[in-house]
Peer 1: 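Structure provided below as structure tokens; questions to follow.
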Amino acid sequence: PVPAVNVATLSLTDRDLISSLYIATVVITDPQQPTGQEILAVTGVSSLQVNSYYDNSTYTLTISGGPLPISAIEAVLRGVTYNNVATLPTGLSRTLRFDVQDPPLQSNPAFTTIFLIYVDYPPMLMVTSQLTYYTAGDGTVNLLSFTNITDIDNTTLVSANITFFA
């Protein structure tokens, strides 16, 4: 998971400066993965009296609690994280929309963008080797008794090279 906002620049103001019950929502406005592969959560705020719930079907994180001072709500918003658990993430970025309510009043929306960096994992080859003896005229012999190739981010292997050393 990565922070969903720049923690150094996030700020919240409330003109009445009264600790209130707050409801904050964070929504992935342009999800591009199947349900359950893009996750928002809030971390590092266990000492605050807040509850959070992430709805996979709407890509919405709802955070509620209070009464809390503005600085605590800022800490909660700074603790929002994004995680993409897809094997092959699609798209280059995601836009998140932040809203805060001081019921019955609602803030203006704030937006942030998360840029995805694709990581290409190499395939993994596992073999059980054995001593193989070959006598001229024997025909074909198996060189490996067990071979397993996995690639966590691709189901198609383009090529393979086998090198023999004398």
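No hydrogens, no waters, no symmetry mates; every other heavy atom, side chains included, goes into these values.
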Peer 1: Grab the two heavy atoms, one from G139 and one from Y134, that are nearest each other, plus how far apart they are.
Peer 2: O-CE1, 3.0 Å
Peer 1: What distance do I39 atom CD1 and I28 atom CD1 have between them, rounded to the nearest 0.5 Å?
Peer 2: 9.0 Å
Peer 1: Is there a donor-acceptor contact under 3.5 Å from the side chain of S107 to the main chain of D99?
Peer 2: no
Peer 1: How far does OG1 of T62 sit from OH of Y54, to the nearest 0.5 angstrom?
Peer 2: 10.5 Å
Peer 1: Could you pull out the closest heavy-atom pair between G36 and N56, with the gap in Å?
Peer 2: CA-OD1, 3.7 Å
Peer 1: State, yes or no, whether a side-chain contact exists between V50 and S64 at a heavy-atom distance under 4.5 Å.
Peer 2: no
Peer 1: Could you report the tightest heavy-atom contact between P89 and N84, atom names first, then the distance?
Peer 2: CB-ND2, 3.9 Å
Peer 1: How far apart are the closest heavy atoms of T150 and N148, and which atoms are they?
Peer 2: CG2-ND2, 4.0 Å
Peer 1: How many angstroms lie between CG in L68 and OH in Y22, if you round to the nearest 0.5 Å?
Peer 2: 8.5 Å
Peer 1: Count the heavy atoms of every other residue, nucleotide or ligand shown that sit under 6.0 Å from CG of L92, and state whether that count exceeds 12.
Peer 2: no
Peer 1: Going through the checks in order, is the side chain to side chain contact (heavy atoms under 4.5 Å, CB included) test met by L96 and F111?
Peer 2: CA-CA 6 Å; L96 304 183; F111 295 90; over 6 Å; no
Peer 1: For residues A24 and L77, report the shortest heavy-atom separation together with the two atoms involved.
Peer 2: CB-CD2, 3.9 Å
Peer 1: For the backbone of T90 and the side chain of Q33, can you confirm whether one donor and one acceptor N or O come within less than 3.5 Å of each other?
Peer 2: yes
Peer 1: May I ask you to decide if T58's main-chain N or O and T60's side chain share a donor-acceptor pair within less than 3.5 Å?
Peer 2: yes
Peer 1: With a 4.5 Å limit on heavy-atom distance, are the side chains of Y59 and D30 in contact?
Peer 2: no
Peer 1: Taking the side chain as every heavy atom from C-beta outward, state whether T135 and Y133 have any pair of such atoms under 4.5 Å apart.
Peer 2: no
Peer 1: Measuring only between side-chain heavy atoms, which start at C-beta, is Y53 closer than 4.5 Å to L61?
Peer 2: no
Peer 1: Under the salt bridge (Lys or Arg N to Asp or Glu O under 4.0 Å) test, which residues partner E38, sequence neighbours left out?
Peer 2: R94
Peer 1: Please check if V27 and I73 belong to a single hydrophobic cluster, counting links between Ile, Leu, Val, Met, Phe, Trp and Tyr side chain heavy atoms closer than 4.5 Å.
Peer 2: no
Peer 1: How many angstroms lie between OG1 in T25 and CD in Q106, if you round to the nearest 0.5 Å?
Peer 2: 6.5 Å
Peer 1: Taking the side chain as everything from C-beta on, heavy atoms only, tell me whether V100 gets closer than 4.5 Å to I23.
Peer 2: no
Peer 1: Please report the shortest heavy-atom distance between T43 and T81, naming the atom on each side.
Peer 2: OG1-CG2, 3.8 Å
